[in-house]
Amino acid sequence: MKFKKDLPPNALYVHIPFCARKCNYCDFNSVVSGTKTIDLYLSALESELSALKGQYVFKTVFIGGGTPSVLTETQLEKLLCAVIRCISVSEVQEYTVEANPGTLTANKIRLLKEYGVNRISLGVQSFQDRQLKFLGRIHSGDDARKNFILLRQAGFENINIDLMFGCPDQSLDDWENDLETAVELNPEHISAYALTYEEGTLLTKNLNNGVISKLDECIELDMYKTVIDYLTHNGYNHYEISNFAKPGCECSHNLVYWNNMGYVGAGAGAVSSIDGARTSNENDIIRYVNGIGEGKNIKSFGEHLPDDQFASETVIMSLRLRQGISNADFYKRFGYKIEDQFGDQINRLIGDGLICYDNERLKLTEKGLFIADTVMTEFV
Ligand code: SF4
């Protein structure tokens, strides 16, 4: 039987690799650049997007970064025009743009609305200025609150708020205050991630030099348990390890990744997964711009995943979802049962109480949820 990993991609990701300032913890593909570089980049991106026109039917679009909202109004309009030309607007169900509260303005919000964006992901991280300063964010807690209200006034009915926990001097009370403020604003979706120390960031340098020390692991775990309890008691469905949504407001675009379905990425460093082939665009902005300008291949990486590896990735990604992975769906897609490839691992993890079957879905138990990364390594 042919593997059905060749489902046509219906998600488009567009990368804007620019930020007003680099946050202390960030290792994403983003830089601080002048207007001229941004203009050149947008022209290259426009070309890449126009080549996609008519090739796919996108149901979700996600413009992320970096900070898409760092663009000037003119640049933002150019970007939104380029995207709209390569999609069929009536087919797109979810159109998200990431925004930083420090760079959003009433005019930019109006433009986003005008061009059909129907979901905003606001990088709040914290409402407390002390935490924001530690993280190197460019905005205040008040900026976040004000922008959220502006978005609502402009008619955005689907807003995500990103929050972060686990900062070195953050107390459980601080975290609870952030959660209370978030819930008072009543967004449709909340992403809550633990702070991680990535190679090459200022934060990791400070950690290695003894300037800061990590928060106690037990407190961090308490924070994670708190966010689950608090948000589920306030009407949010905990549908993915770090994501919570009001019923029906789960992020359709990210569900494509978690279900390991196909997607197309445009922009520097953007990854595409099409028909089992994973490719990545040139990461370096100048090489990306020049490559497009000279009509060269801008893919810097490509691999065709063997079928068993593709299945393994699918299990790992889908286990991130609290509903887990359906054995029937897996069978339909791959032509065999999950146990046929992972029988030993599944028996062992069930024995340890880390995963379980819920009807025919394989999912993490609560115990497994708290050490999800370790559980996932069993399926590599
Ligand atoms: S705004 Fe986001 S992408 Fe930009 S530096 Fe900060 S964390 Fe990284």
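Values reported hereafter were calculated over all heavy atoms of this structure, with side chains retained and with hydrogens, waters and symmetry mates removed. First listed ligand is number 1; within each ligand, the first listed atom is number 1.
A donor-acceptor contact closer than 3.5 angstrom is absent between the side chains of Glu180 and Tyr230.
Residue Asn359 qualifies as open at atom CG: its count of foreign heavy atoms under 6.0 Å is 12 or below.
Side-chain atoms of Lys108 come within 3.5 Å of backbone N or O of Leu71 as a donor-acceptor pair.
Between Glu91 and Lys59, at least one side-chain N (NZ, or NE/NH1/NH2) sits under 4.0 Å from a carboxylate O, which counts as a salt bridge.
Residues Leu369 and Ile241 are in side-chain contact: their nearest non-hydrogen atoms beyond the backbone lie under 4.5 Å apart.
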Inset, instruction - Go through the steps for Tyr357 and Ile350 under the test side chain to side chain contact (heavy atoms under 4.5 Å, CB included), then give the verdict. - result: CA-CA 8 Å; Tyr357 272 113; Ile350 288 179; 4.1 Å; yes
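Protein heavy atom at the shortest distance from atom 2 (Fe) of ligand 1 is Arg137 NH1, 4.0 Å.
In this structure, Tyr239 has its ring center under 6.0 Å from that of His189.
For Arg21, the heavy-atom gap to ligand 1 drops under 4.0 angstrom.
Around atom 8 (Fe) of ligand 1, the protein atoms of type N, O or S found under 2.8 Å away are Cys26 SG, listed by chain and number.
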